[in-house]
Amino acid sequence: MDTKEQAKDQNKNEELSLVIGGLFAEISPYVVQIFRRQPEVEPVEEQPLATGVLAEINGNSYLLTAGHTFQDEDINQVGTIIGRDFYVFKGDLSYLSVSNSEENNNADLGVYKLLPEVADDLKQKYKFLPYERILNNHVLSEENRYFILGYPVSKSKMDRKRKTIKVSPFHYVTSGYVDFKKYHEWGYDNNINFLIEFHRNKIQKIGDARKQTAPKAEGNSGAGLWFLEDDGILRLVGILISYDYEKSIFVASRIDMATEIIRHKFDAKILKSELIHPHFI
């Protein structure tokens, strides 16, 4: 490849990198890092726990995340950090625990209907995803159109003296795993779960041929699975619930499960999913 062609490819890679970076920047305000507070430790400490997506539906504010985020936790000690302050999530919580997930097709989802005053506090830093950006009835694609933005535990460093936290979000673009025979073999339901390609030791940045290793996945649970549609807009199609390094996959529950929880528990006005008929109620 001559110098001109190399320069041309480099420019294309840079342009693509800017586009992808812009897409991640656009969804970042909707993605919240979740912490657990340890009041029994002196001084009181906050530990990174998971990731979540904030959404607003019919005037109500919700936190969407993995169900196991709350299992075995004191929910009065789970929240997020804004500046130097810790904000506890409060409201009505409904979640499918890990112990019940097999009976509920591995849904493992948590939905927190937040009190208005809690939502107002979060709006100091975050935004709430409008309902029209939530895409039910999504058909999984083999194309590299899926975006993941999460907060790995290993990339969150607390500065105890300054009472601040330095975080490095995980950005990942990937494709759907559509060998549906494997879903049943591995214990998943392709009507409920999305399997997403995740080759941890083969991460590649745009414009960089070197293979890199992604940070450990702990902390990414609850992150949104976003699909880039033809109009150039990322829409929320799922919530990450687990990963499997051996099989090189992330596991997500389709967002329909979350909206069905909301429809049954909080807001009957939400449209019913066309693809799933959950039996968790």
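Distance CG/Leu149 to CG/Leu234: 10.0 Å, rounded to 0.5 Å. Atoms CG and NZ, from Asn190 and Lys181 in turn, are 13.0 Å apart once rounded to the nearest 0.5 Å. Interatomic distance, CG of Leu54 versus CG of Leu129, reported as 9.0 Å (0.5 Å rounding). Taken to the nearest 0.5 Å, the CH2 atom of Trp226 stands 11.5 Å off from the CG atom of Leu23.
Electrostatic pairing of Glu46 and Arg36 does not count as a salt bridge here, judged by no charged N lying under 4.0 Å from a carboxylate O. Salt-bridge annotation for Lys125 and Asp121: absent, with no side-chain N of the basic residue lying under 4.0 Å from a carboxylate O of the acidic one. With salt bridges taken as basic N to acidic carboxylate O contacts below 4.0 Å, one links Asp256 and Arg254. Using a 4.0 Å cut-off between charged side-chain N and carboxylate O, Arg37 and Glu45 make no salt bridge. Remark: Glu56 does not engage Arg133 in a salt bridge, criterion side-chain N to carboxylate O under 4.0 Å. Ion pairing between a basic and an acidic side chain is recognised when a charged N comes within 4.0 Å of a carboxylate O; Arg145 and Glu143 show such pairing.
Using cut-offs of 30° and 60° for the angle between ring planes, the Phe198 and Tyr245 rings count as tilted. In this pair, Tyr172 and Phe250 present their aromatic rings perpendicular. The plane angle is above 60°, beyond the 30 to 60° band. Classified by interplanar angle (parallel below 30°, tilted 30° to 60°, perpendicular above 60°), the ring pair Phe266/Tyr62 is tilted.
The distance between the ring centers of His68 and Tyr95 does not fall below 6.0 angstrom.
A pairwise comparison of heavy atoms in Leu195 and Tyr183 identifies N-OH, 3.0 Å as the closest pair. Thr174 and Ile148 make their closest contact through CG2-CD1, 4.5 Å (heavy atoms, listed as atom of the first residue, atom of the second, distance). Ile196 approaches Ser175 most closely through the heavy-atom pair CG2-O, 3.5 Å. Closest approach of Tyr131 and Ile270 over heavy atoms only: OH-CG2, 3.2 Å.
At a threshold of 4.5 Å between non-hydrogen side-chain atoms, the residues Leu236 and Phe227 do not count as touching.
For the pair Asn137 (side chain) and Ser273 (backbone), a donor-acceptor distance under 3.5 Å is absent.
No side-chain donor-acceptor contact under 3.5 Å links Glu142 and Tyr177. Residues Gln38 and Gln47 bring a donor and an acceptor atom of their side chains to less than 3.5 Å of each other. Ser156 and Gln33 share a donor-acceptor pair across their side chains, judged by distance under 3.5 Å alone.
Cation-pi geometry between Lys155 and Phe170 is not met: the NZ or CZ atom fails to fall both under 6.0 Å from the ring centre and inside 45° of the normal.
With sequence neighbours excluded, no residue forms a ring pair (Phe, Tyr, Trp, His ring centres under 6.0 Å) with Tyr87.
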